[in-house]
Every structure is written in structure tokens, then in C-alpha cells.
2 protein chains.
Amino acid sequence: MARPRTPLLSRERIVAAALRLIDEEGLDTLSTRRLATELSVSGPSLYNHFATKDELLDAVVDSVIGEVDLSMFAAVEGEAGAGGTRWPEALREWARSYRAALAAHPNIVPVLAQGPGRRPNALRLADAVFGHLVEAGWPRGQATRIGALMRYFVTGSALASFAAGFPADAEVYDAADYPHLGEAHRLAGHRGSVDEGAFETGLEALLDGLALRFARLPARP
Amino acid sequence: MARPRTPLLSRERIVAAALRLIDEEGLDTLSTRRLATELSVSGPSLYNHFATKDELLDAVVDSVIGEVDLSMFAAVEGEAGAGGTRWPEALREWARSYRAALAAHPNIVPVLAQGPGRRPNALRLADAVFGHLVEAGWPRGQATRIGALMRYFVTGSALASFAAGFPADAEVYDAADYPHLGEAHRLAGHRGSVDEGAFETGLEALLDGLALRFARLPARP
DNA sequence: ACCTGAACACCGTTCAAGT
DNA sequence: ACCTGAACACCGTTCAAGT
């Protein structure tokens with residue numbers, strides 16, 4: 001068959017199929033051969049569109065980050081220089097969108113958590129958060145730290161379900177060994193509300209703690 | 001050669017060598033054959049000690065979690081039932097030890113973050129945190145959420161360096177695309193202090209926010 | 001330019017054979 | 001019980017060959 005008149009593949013089609021396989025079967029089970037079969041081509045065909053599997057994974061990761069809403073960081077008329085007070089609301093909305101985008105694809109989070117690298121959507125995200133915080137009145141060093149700690153919290157919460165990490169088998173929790181885990185086998189059954197509640201509690205606690213620090217900032221020149 | 005008079009391998013030796021390879025070369029590059037070579041045996045020998053590679057990884061993960069200090073959760077005479085006020089200090093010390101243990105082995109964090117499973121050290125850790133918070137006066141549902149959100153934050157902070165995720169190459173940060181990242185190429189050079197500062201800032205913000213919530217708790221019966 | 005089959009150097013794991 | 005070599009069904013990637 002060799003080269004068809006109209007290409008069988010495109011980067012977009014490959015990325016979409018790869019993400020679906022990663023979601024459904026895990027990162028470890030994704031192979032270039034399996035992915036090619038899914039796309040009805042032979043294994044080496046993918047190398048016409050991506051130099052390596054890593055480059056393909058990078059594209060998958062950036063497509064996920066592209067789903068994060070950044071519109072809340074758009075400049076607000078008159079806020080710059082006035083000592084912003086809307087940054088907590090913006091961070092809250094962003095963190096929720098960020099977590100939702102990642103939690104929809106938990107198997108890819110370990111790759112994504114390695115940092116932005118040269119991926120455009122990841123760099124755009126870092127730029128938007130940092131820029132907003134600085135314009136709201138945070139010193140640059142503090143703004144960097146807030147960007148970092150928010151990523152720690154969001155990626156940690158999207159990496160895996162806390163509740164689902166506890167086996168539903170009650171026999172695991174021998175009272176002699178783990179005196180306080182007698183109800184832990186019920187956690188997995190309430191997976192959604194436990195993880196959602198933990199995320200919201202942590203997010204609000206973080207924002208409250210940061211607001212305390214913002215109020216203590218020396219007045220700017 | 002067949003069976004030697006004294007065994008060449010033990011679970012402990014295998015786990016130690018595996019952790020060293022994971023630290024030095026990454027999780028993906030760890031293969032049973034490479035590990036066996038490192039231990040001067042043939043590939044299949046490992047299967048006399050672990051049923052699968054996953055079981056071996058589980059043992060590696062639990063050995064790392066075994067390094068986390070839990071002594072700050074030991075019962076304090078007279079605190080139970082009195083409305084503890086030392087839980088923030090205990091959580092702070094624990095979070096630092098937890099992060100230190102994980103950050104020493106970042107490549108294994110994605111495995112570990114999947115939850116305790118049936119690993120004894122991970123279950124002991126969950127038991128200690130939850131038990132301490134409940135005895136300090138937190139309602140059980142809240143204590144669960146705090147255990148979860150602390151794990152989110154700590155695993156997120158240990159998974160990867162925030163600072164090192166930004167390429168040190170200044171040309172990546174085109175001002176037209178990323179107007180606020182002009183200094184981002186310097187981040188990797190300050191990797192230690194940026195990540196440490198972000199972790200400490202986030203930890204203190206979380207503890208402050210949780211203390212506000214603790215103060216608002218209705219008086220217990 | 002874009003696809004193919006054949007090939008190379010790897011994997012995790014099984015199993016019969018040795019002591 | 002604990003190690004070995006041979007084998008099976010996989011990997012990621014390269015490359016010459018086809019249109």
C-alpha cells in the first residue's frame with residue numbers, strides 16, 4: 001500500500017487515541033504498537049509524526065493542560081497597582097478548573113507533574129498565574145512560591161483518589177495493627193465525596209492562609 | 001551452578017538495589033533483567049523472591065514510607081478529650097518528615113501516591129494521622145479529609161521539583177508569548193530554595209487555614 | 001511525504017532442569 | 001529451596017523499500 005493519497009494519520013488523531021488508551025488502560029500499557037493497531041496502521045507509521053514516544057506523550061500532556069480555564073486571570077480594569085483583592089477568587093476558580101482537567105486523566109498526571117518543559121500550554125498557564133499574582137500585589141518571589149504550592153496541591157489531588165487507595169476488604173484492617181482504621185474499608189465506596197471534600201477543604205484552607213500573609217505584606221512603594 | 005549453599009539473594013538486598021536503580025536511572029528504566037545483573041544473578045532468579053515486578057515495587061514503596069517519622073503522633077498524657085491544641089505542631093513535623101522521605105526518592109512517588117493498598121507501613125501512617133486528629137477533637141469526616149489533603153500536598157511537592165521543571169534556556173521564554181516569564185530560566189538554578197520555600201509557605205498556610213476551621217468547630221458533647 | 005515489513009536490542013515472565 | 005538457560009510474547013526504534 002505504501003503512501004496513500006490522503007494521509008491516514010495526523011498528530012491530532014494520534015494524540016486523541018493515545019489519551020483514550022492511557023485513560024482506559026493506563027500509562028504503562030500504552031505501547032506504540034498497540035496505539036498503531038488502534039489507528040489501523042503499522043507500528044513504525046507513528047514515527048512519521050513524532051520522533052519518539054516521549055515526544056508523543058508531551059503532546060498528549062499539553063492537550064490536557066490546554067483544557068484548563070485561564071480566563072479568570074484576564075486583566076481587570078483598574079485593578080493593577082491598586083492592591084488587588086480578587087486574586088483569591090481567581091486562584092480558587094483556576095484551581096478547580098486545573099484539578100478537573102487533570103482528574104479527568106489521572107494516568108497522565110505523573111508525566112505532566114514533571115513541569116512545563118517546552119510545552120506551550122503549560123508555559124501559558126505558568127505565565128498567567130504568575131502575572132496575575134504579581135499584578136495583584138504579591139512580591140515576585142512569593143508569587144513564584146504560590147504558583148508552586150498550588151501545583152503541588154492540585155497535581156497531588158489529581159494523581160490518585162485518596163479514598164480508592166484503601167482496599168474495600170475489611171479484613172485488611174486488623175484492629176491490633178491499625179486501631180483507628182476500622183471504617184477504612186468504606187472509604188472506596190464514598191470515593192467521590194471524600195476526594196472532592198478533601199480538595200475543597202484544602203483549597204479553602206490554603207486561600208485563607210495565603211490571605212493572612214497578603215494582609216501582612218508591607219505597603220508597596 | 002544451580003542452588004548455592006547460602007542464598008545469593010534476599011528480599012532486602014533486592015529492594016535496596018531496586019531503590020538505588022530507581023533513584024539513579026528512573027522508574028521506567030528499571031528492568032528485572034537490569035536489576036538482576038546489578039545483583040550478579042540471572043533475570044529469572046528474582047522470581048524466587050517476588051511473584052511479579054509489581055510486588056517488588058510494592059516492597060520498595062513500603063520501605064520508603066517506613067522512613068517517615070510518626071513519633072509526634074504518640075498519645076500525649078491528658079490531651080485526649082481535652083480538645084487538643086498540639087495537632088498543628090504534630091502535623092507540621094510529620095509533613096516535613098513525610099516530604100523528606102519522599103523527596104529523597106522522587107521517581108517512586110507516582111507508585112506510592114496510588115494509596116496504601118495492603119502495605120503495612122502505609123497503613124500504619126494513615127492510622128497514626130487519623131487517630132491523632134480524632135483524639136485531638138476533629139470529627140472523623142474532617143479528620144479523613146485532612147489526611148487526604150495533606151497527602152495531596154506532600155506527594156505533589158515530592159513528585160517533582162517545581163523550579164527544575166522550567167528549562168534553563170532563556171530562549172524558551174519568548175516575551176511575546178509569555179510576558180511574565182522573563183526570569184523563569186533562572187528558576188532551575190535556585191531549585192532547592194524555591195521548592196523548599198514553596199513547601200513551607202504552603203504548609204503554614206494550610207495549617208493556619210485548618211486552625212481557623214478548628215476554632216469554628218461546635219463544642220463537643 | 002507517508003506508509004510498510006523486516007530487523008535489532010531489549011522487555012516480563014514461565015518452565016524444565018540442576019543441586 | 002533457589003539458581004540457571006531457553007523460550008514466548010511482547011517492547012521502542014531504525015531502515016530500506018514502495019508509491
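From a predicted model like this one, the values you see are computed outputs, not experimental measurements.
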Got a sec, which residues hit salt bridge (charged side-chain N to carboxylate O under 4.0 Å, His left out) with A:D127, two or more places apart in sequence or on another chain? none
Would you say C:dA1 has OP1 or OP2 under 4.0 Å from some side-chain N or O of A:H49? no
Whether A:F199 and A:F153 hold their rings parallel, tilted or perpendicular, with breakpoints at 30° and 60°: parallel
In terms of relative ring orientation, are A:W138 and A:W87 parallel, tilted or perpendicular, with 30° and 60° separating the classes?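 Ring orientation of A:W138 relative to A:W87: perpendicular.
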In DNA chain D, stems of three or more consecutive pairs, Watson-Crick or G-U, each with both distances under 3.5 Å, turn out to be C:4-8 with D:12-16, C:12-16 with D:4-8
Considering only residues two or more places apart or on different chains, which pairs with a residue in residues 98-117 of chain A satisfy salt bridge (Lys or Arg N to Asp or Glu O under 4.0 Å)? A:R99-A:E196
Summary of salt bridge (Lys or Arg N to Asp or Glu O under 4.0 Å) pairs that have at least one residue in residues 140-151 of chain A, sequence neighbours excluded: none
Whole angstrom is fine here: how far is it from [atom1] in [X] over to [atom2] in [N]?
| X | N | atom1 | atom2 | result |
| --- | --- | --- | --- | --- |
| A:L46 | C:dG5 | CG | P | 14 Å |
| B:N48 | D:dC2 | CG | P | 7 Å |
| B:F50 | D:dC3 | CZ | P | 12 Å |
| B:L39 | D:dT4 | CG | P | 11 Å |
| A:L8 | C:dA1 | CG | C1' | 12 Å |
| B:R3 | D:dG5 | CZ | P | 18 Å |

Does the side chain of B:D69 pick up a donor-acceptor pair with the side chain of B:S71 at under 3.5 Å?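 Present: a donor and an acceptor within the cut-off.
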Is there any ring-ring contact (aromatic ring centres under 6.0 Å, His included) pair reaching into residues 34-53 of chain B, and which pairs are they, with sequence neighbours excluded? none
Could you encode protein contacts along nucleotides 8-17 of chain D as a string, one character per nucleotide from 5' to 3', using B for base contact, S for sugar-phosphate-only contact and - for no contact, with a heavy-atom cut-off of under 4.0 Å? ---BBBBB--
Going through the distances and angles, do A:N107 and A:L30 end up as a side-chain contact (heavy atoms from CB on, under 4.5 Å)? CA-CA 11 Å; A:N107 296 334; A:L30 176 78; over 6 Å; no
Out of curiosity, A:T32 OG1 to A:R34 CZ, how far, rounded to the nearest 0.5 Å? 12.0 Å
Among C:dT4, D:dT4, D:dC2, which nucleotide has an atom closest to any side-chain atom of B:S42?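 For the B:S42 side chain, the nearest candidate turns out to be D:dT4.
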